[in-house]
There are 2 protein chains.
Amino acid sequence: MQDSQTSESTQKTIEETIVSGILSAKIRPGTRLSENQLATLFSVSRTRVREAMMRLETRGIVHVSPRRGWFVVEPSAEEAIAVYEARRVIEAGLLRSMRVLTDEGSKALDVHLNEEKTAMAAGDRQRLTYLMGDFHIRIAELSGNAIIVDILRDLTARTILISMLYQSEFHAAQSHDGHCRIFEAMQAGDFVRAAELSVEHLDEVEMGLDLTTRPDPLSELRSSLSLPPKTVSPTPGPKKPQLQRSN
Amino acid sequence: MQDSQTSESTQKTIEETIVSGILSAKIRPGTRLSENQLATLFSVSRTRVREAMMRLETRGIVHVSPRRGWFVVEPSAEEAIAVYEARRVIEAGLLRSMRVLTDEGSKALDVHLNEEKTAMAAGDRQRLTYLMGDFHIRIAELSGNAIIVDILRDLTARTILISMLYQSEFHAAQSHDGHCRIFEAMQAGDFVRAAELSVEHLDEVEMGLDLTTRPDPLSELRSSLSLPPKTVSPTPGPKKPQLQRSN
DNA sequence: TCTGGCTATCTTGCATACAAGACAGGAAAG
DNA sequence: CTTTCCTGTCTTGTATGCAAGATAGCCAGA
């Protein structure tokens, strides 16, 4: 990484604890993150918690509602689309730019895919969620480019939040299959094909979302209030429903 | 973009002032950013300056040397390579994913290229630096994807810092020409070609760097210490003149 | 002159105190 | 019973104070 791991290990711990909690689907979108609670939880003062929150905010993981609190982001449908778009662009661009798949890289992906299969057989859904996201990070790691890895990690975290909001059912087998096919193309040295498959894979996952479902039941009401109570509007276009309320 | 612009306008101002200072090459890499000075400069307390610094740190713009101070990053040669690699991946991926160039988009790029030409004729190097980076951001804006725009803005800022460190001479005409050719391919609807040209363009710029020149004269010494001293340079090497001086 | 160490000063690191807005719950009025 | 308002409590926003490390410059000793 570009920064030294010199000091502030605690800060990084707060940040990373939250991010990895999201990556493994243990923290839901909209979860309230109280500065005081985190402070006592990590045995630090609010100052340091705040710094971690600020960092997470610039990473698009968390947002603050002024004087009300910090919340794990609940991406709107538009933001969800943007996240998938960004991932397609970056992951396809990355695969296209690859020239070789090293033996260690091949081995790492193979191990990973076996873990996916194991988790799938065990029905360990949380672990599966984590692994499904991690696959893409693993690919990024093959490039050795820390910048891209960081970007994709944050986008993956957001993707998982999106899944928790909009994904009706979890097509684990389909995703796993997609990963396997990408891997096969890479092994064959056909990175263009791998890129195409990656785009298709992300499309599939995105298609599996129900982006018409509002995470906030109030927004339905809200939008119907600003409309004539007739039977109009096949799709009422409400503003981004950014209300929080998770537990 | 992804965060609301709800409050903390001052914070954003500190952040954006620094970033735009970098984008227009008014702030050099290694510039010291004193919390106290910024605090008085922006008429706020250190607290808010610190928050801005934390944010800039996660964006890869600034780094902190513990108990010594905040500094605008001085990317190493390896980091410079990673930044260009990331830009190639993302920008090529972006162009490949484009399907149409709207009239407004075409117009915007045309206006931009004329500005480049004007600045080039006027020999306004600072403005030229800004415009040369901004071209790529403009392209990102065409996608309408705020995530990608943010990512590329930060990478562009880093690119400019890299240029200030390693670029021996400024091939403005060559860059401008590269931009024009990308634009032409886009106008022709050939986004695959535009992506290829974009990669070539970034390659050219990267090749124009002298990545063997160390920004830190001490590293020469450092490396020579672990090497047989063929020709010892008697330069005592004064520390980097990292004073802030923007105009 | 050169070297070594000490101290004064400047920097960030971190905690805490207080301000101020948001919200919930209850009391009072209708 | 319903509505309104008020107040207590909880939240973040911001400044400030103090601790501790880093640095520069001076002074003494060789």
Side-chain angles (χ1 to χ4, degrees), chain A residues 3-18 30-58 61-74 216 218 222 242-247, chain B residues 3-15 17-18 30-58 61-74 216-218 234 236-245:
Chain A
D3 344 313
S4 54
Q5 63 287 13
T6 48
S7 63
E8 61 249 2
S9 61
T10 318
Q11 234 143 340
K12 287 287 158 70
T13 302
I14 298 178
E15 245 182 286
E16 280 167 12
T17 302
I18 291 173
T31 301
R32 176 126 185 274
L33 298 172
S34 157
E35 291 184 3
N36 273 321
Q37 289 183 18
L38 288 175
T40 55
L41 207 54
F42 287 89
S43 305
V44 294
S45 77
R46 276 182 53 218
T47 306
R48 306 189 62 181
V49 175
R50 275 198 124 231
E51 290 175 354
M53 291 297 116
M54 304 271 169
R55 290 182 149 103
L56 287 175
E57 190 182 35
T58 82
I61 307 281
V62 133
H63 85 115
V64 63
S65 177
R67 300 231 137 83
R68 291 184 16 101
W70 295 91
F71 301 89
V72 175
V73 294
E74 298 179 278
D216 172 23
L218 287 183
R222 203 183 335 260
Q242 40 202 21
L243 271 193
Q244 56 282 17
R245 188 84 334 163
S246 68
N247 43 10
Chain B
D3 345 312
S4 53
Q5 63 288 11
T6 47
S7 62
E8 61 248 4
S9 60
T10 318
Q11 236 142 338
K12 288 287 158 71
T13 302
I14 297 177
E15 245 182 285
T17 302
I18 291 173
T31 301
R32 175 127 184 272
L33 298 172
S34 157
E35 291 183 2
N36 272 320
Q37 289 182 16
L38 288 175
T40 55
L41 207 55
F42 286 90
S43 306
V44 293
S45 77
R46 276 181 54 219
T47 307
R48 307 189 61 181
V49 175
R50 281 200 116 227
E51 290 175 354
M53 291 297 116
M54 305 272 169
R55 289 185 151 102
L56 287 175
E57 191 182 34
T58 82
I61 307 281
V62 134
H63 84 116
V64 63
S65 178
R67 299 227 137 87
R68 291 184 13 106
W70 294 90
F71 301 90
V72 175
V73 293
E74 298 178 278
D216 172 20
L218 287 183
K239 300 290 280 191
K240 296 162 288 213
Q242 43 203 15
L243 284 189
Q244 54 277 33
R245 188 91 330 157

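In what follows, every chain begins at residue 1, and chains take the letters A, B, ... in the order their sequences are listed.
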Side chain of Arg67(B) (C-beta onward), nearest among dG21(D), dA17(C), dC14(C) = dG21(D)
Find the distance Trp70(A):CH2 to dA22(C):C1' and express it as a whole number of Å.
-> 17 Å
Here the distance between atom C1' of dA15(D) and atom CZ of Phe42(B), to the nearest Å, is 18 Å
Ignoring the backbone of Ser45(B), work out which of dT12(D), dT14(D), dA15(C) is nearest its side chain.
-> dT14(D)
Let me see the working for Arg55(B) and Val62(B) under side-chain contact (heavy atoms from CB on, under 4.5 Å), right down to the final yes or no.
-> CA-CA 9 Å; Arg55(B) 289 185 151 102; Val62(B) 134; over 6 Å; no
Leu38(A) CG - dA15(C) C1' separation (whole Å) = 17 Å
Over how many whole Å does the gap from Arg46(B) atom CZ to dC10(C) atom P extend?
-> 14 Å
Glu51(B) and Thr47(B): CA distance, side-chain angles, deciding distance, side-chain contact (heavy atoms from CB on, under 4.5 Å) verdict = CA-CA 6 Å; Glu51(B) 290 175 354; Thr47(B) 307; 4.1 Å; yes
When you measure from the side chain of Arg32(A), which nucleotide among dT11(D), dT14(D), dT12(D) comes out closest?
-> dT11(D)
Thr47(A) (side chain) and dT16(C) (base): donor-acceptor pair under 3.5 Å = yes
Output yes when a side-chain donor or acceptor of Ser65(A) lies under 3.5 Å from a complementary backbone atom of Arg68(A), and no otherwise.
-> no
Which is true for Ser34(A) with a 4.0 Å heavy-atom rule: it touches a base, it touches only sugar-phosphate, or it touches nothing?
-> sugar-phosphate
Step by step, would you call Trp70(A) with Arg32(A) a side-chain contact (heavy atoms from CB on, under 4.5 Å)?
-> CA-CA 6 Å; Trp70(A) 295 91; Arg32(A) 176 126 185 274; over 6 Å; no
Please determine if a side-chain N or O atom of Arg68(B) lies less than 4.0 Å away from the OP1 or OP2 oxygen of dT23(D).
-> yes
Distance in angstrom units between Met54(B) CE and dT12(C) C1', rounded = 9 Å
